[in-house]
Amino acid sequence: MITSRYYGQFGGAFLPEILVATFNELVTAFNEAKNDPTFWQEYENIMSSYSCRPTPLTFAQNLTSHFGGARIYIKREDLNHTGAHKANNVMGQGLLVKRMGKTRVIAETGAGQHGVATATMAAKFGFKCTVYMGEVDVKRQRPNVFWMERLGAEVIPVKDGTRILKDAINEAFRDWVTNMDDTHYVLGTACGPHPFPEMVSYFQSIIGKEARKQIMEIEGRLPQRIYACVGGGSNALGIFSGFFDDPVELIGAEAGGKGLDTGRHASRLACKDGSPGVAQGYKTYFLQNSDGQMKETHSVAAGLDYVGVSPILAHLRDKGRVRFTAATDKEVLDALTLTIKKEGLIPALESAHAFAQAFKEASKMSKDDIILINQSGRGDKDIFTIADAFADPQWQAFIKNKAKEYGA
Ligand SMILES: *Cc1c(COP(=O)(O)O)cnc(C)c1O
């Protein structure tokens, strides 16, 4: 009875038969939780006591003056525990795992941020935790591996394929097939087979619910536009969903990498390089060649560097409800520099894509207009990545000295 779900032509649950029973169990547990008003209450309680919710809406006075157009507000998902909106999803799934009576969680991770968030949740709830990570990423992301291990997770380097995120996802599914009795797979974004796109967006919808209430309290009216960066699509769907029924324009900013005409980007919806296909259990726009082989993607922001995108966003794009654009690596670093200097805020490189797009448009809007930018995470925890992106010479000297101390 797999209760699959489609968004237009996208979504579905393309599963090996052996996983069908596990998915049915998950769909049932999720539907029961959703219909139980005490579940959302329990979720809000833990998010406020453990992860600083509700996160504030900050008026960016200096950026507003700088561009001389729309009034710019920033939704502060960076203030969540572990530094990003990912906490909303993992804590929600953690509560569901408790309801299902399971005792072990597994996760895939690319840059390691979802792995750290899942390991944190597992420590808090007392679950065993295994994180699959491509061997290439394990080498690149030592700080996050360090924290996952301190948090008690077992990090397994995946040596298959190109040894990056998509290979880690395949390995996590393999684990789940063998251990489905006691194990839940905590998928990190609004992608994958049903019910993950719906379930992850459901937990992230807390962002949009708060943001709508907050802007109405502060300004007494709705914003004209909302900007969010789009990797898998979970932070974007989270904030957008609070405004689906309102006359508000929603803008998703993808990774433009070196430029959309270079082929070195991760833009599946903003340009014509993406095409519909089925992979990793769901149908969406993928960056693939004519044989359906996944292409290599590029972005300065590891969290946006993925070949697929939420089927919900693919449908909203085709319906014309969400406008998609892309910001290049260079535009992103400029937007990040300006935001740090003008506001003292340090967005993650991922979030800076939304800032870059908003900055392109703010000055052309009226002083009466309001825009909202979702700051999905904070950048200071990613100092290794950001300092690399800026090619800061003093930082490079510091790393060389450190290496010398260790006798390298
Ligand atoms: C992981 C991550 C993203 C990308 O994921 P979505 O599912 O598209 O939200 C964006 N921003 C930050 C800070 C992240 O850590």
Side-chain angles (χ1 to χ4, degrees), residues 55 74-90 92-93 107-118 120 137 141 143-144 147 165 168-169 186-192 196-208 226-241 250-255 266-270 284 297 299-314 316 322 324 326-327 332 335-336 339 345-357 373-382 385-386:
T55 59
I74 298 170
K75 179 63 172 162
R76 301 290 307 283
E77 289 305 297
D78 57 308
L79 296 177
N80 275 294
H81 183 39
T82 68
H85 69 293
K86 290 193 165 70
N88 305 329
N89 173 39
V90 297
Q93 290 198 45
E108 86 294 348
T109 197
Q113 293 146 331
H114 174 59
V116 171
T118 304
T120 302
D137 291 326
Q141 306 288 346
N144 285 332
W147 282 123
L165 178 62
I169 295 176
V186 184
L187 215 134
T189 187
C191 291
F196 284 107
E198 181 188 341
M199 188 168 74
V200 176
S201 323
Y202 170 75
F203 292 124
Q204 296 294 358
S205 73
I206 197 166
I207 307 173
I226 302 178
Y227 299 85
C229 67
V230 179
S234 70
N235 87 88
L237 282 163
I239 192 158
F240 291 169
S241 61
L250 308 171
I251 299 111
E254 291 186 307
S267 170
R268 302 123 312 176
L269 296 174
T284 193
T297 51
S299 171
V300 69
L304 305 187
D305 207 351
Y306 177 53
V307 288
V309 66
S310 178
I312 307 177
L313 284 177
L316 290 169
V322 179
F324 284 88
V332 164
L336 182 57
T339 306
L345 295 176
I346 310 178
L349 283 166
E350 289 83 2
S351 320
H353 286 69
F355 285 73
Q357 187 58 36
I373 305 172
N374 199 29
Q375 183 171 341
S376 54
R378 63 188 168 95
D380 51 336
K381 71 191 164 69
D382 302 326
T385 327
I386 295 189

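None of the values given here were measured: they were computed from a predicted structure. Read the numbers this way: they start at 1 and go in the same order the structure lists the ligands and their atoms.
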Student: Just one of Asn235, Asp78, Ile207 clears the side chain to side chain contact (heavy atoms under 4.5 Å, CB included) bar with Ser376, so which one?
Tutor: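 Output: one option passes, namely Asn235.
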Student: May I ask you to list the atoms of ligand 1 that are less than 4.0 angstrom from any heavy atom of Asn235?
Tutor: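 By the 4.0 Å cutoff, the relevant atoms are 6 (P), 8 (O), 9 (O), 10 (C).
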Student: Please report the shortest heavy-atom distance between Phe240 and Ile226, naming the atom on each side.
Tutor: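 Shortest heavy-atom separation between Phe240 and Ile226 comes out as CE2-O, 3.8 Å.
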Student: Any N or O on Ala348 sitting closer than 3.5 Å to an N or O of ligand 1?
Tutor: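 Among all N and O atoms of Ala348, none is under 3.5 Å from an N or O of ligand 1.
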Student: Are any of the N/O atoms in Ala190 less than 3.5 Å from those in ligand 1?
Tutor: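 By distance alone, the answer is no.
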Student: Output yes when the distance from some N or O of ligand 1 to some N or O of Lys86 is under 3.5 Å, and no in every other case.
Tutor: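 Such a contact does occur with ligand 1.
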Student: Just which atoms of ligand 1 are under 4.0 Å from any heavy atom in Gly303?
Tutor: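 It comes down to these atoms of ligand 1: 4 (C).
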Student: Would one find an N or O of Ser234, backbone or side chain, under 3.5 Å from an N or O of ligand 1?
Tutor: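 Yes, there is a polar N/O contact under 3.5 Å.
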Student: To check you understand the geometry: which heavy-atom pair defines the closest contact between Ser201 and Leu237, and what is its length?
Tutor: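 The pair with the smallest heavy-atom distance is OG-CD1, 3.8 Å.
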Student: Grab the two heavy atoms, one from Ser205 and one from Tyr202, that are nearest each other, plus how far apart they are.
Tutor: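 Heavy atoms only, the tightest pair is OG-O, 2.7 Å.
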Student: Output the list of atoms in ligand 1 that are nearer than 4.0 Å to some heavy atom of Thr189, sorted by atom number.
Tutor: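 This gives 6 (P), 7 (O) as the contact atoms.
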Student: Assess His85 for proximity to ligand 1: is some non-hydrogen atom of it under 4.0 Å away?
Tutor: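 True for this residue.
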Student: Do any nitrogen or oxygen atoms of Gly233 lie less than 3.5 angstrom from nitrogen or oxygen atoms of ligand 1?
Tutor: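 Yes: some nitrogen or oxygen of Gly233 is under 3.5 Å from one in ligand 1.
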Student: Show the atoms of ligand 1 that are less than 4.0 angstrom away from any heavy atom in Gly231.
Tutor: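 In order of number, 8 (O).
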Student: How close do Pro197 and Ile312 get, heavy atom to heavy atom, and via which atoms?
Tutor: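 Distance-wise, the nearest heavy atoms are O-CD1, 3.7 Å.
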Student: Should one rank Gly377, Gly238, Ser376 by closest heavy-atom distance to atom 12 (C) of ligand 1, which comes out on top?
Tutor: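 Among Gly377, Gly238, Ser376, the closest heavy atom to atom 12 (C) of ligand 1 belongs to Ser376.
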Student: Minimum heavy-atom separation for Gly233 and Leu313, please, with both atom names.
Tutor: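 In this case the closest contact between Gly233 and Leu313 is CA-CD1, 3.6 Å.
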Student: For the residue pair Glu77 / Thr55, report whether a side-chain donor-acceptor contact shorter than 3.5 Å exists.
Tutor: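 Yes, a side-chain donor-acceptor pair sits under 3.5 Å.
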Student: What's the shortest heavy-atom distance between Ala87 and Asn80, and which atoms?
Tutor: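 In terms of heavy atoms, the two residues are closest at CB-CB, 4.2 Å.
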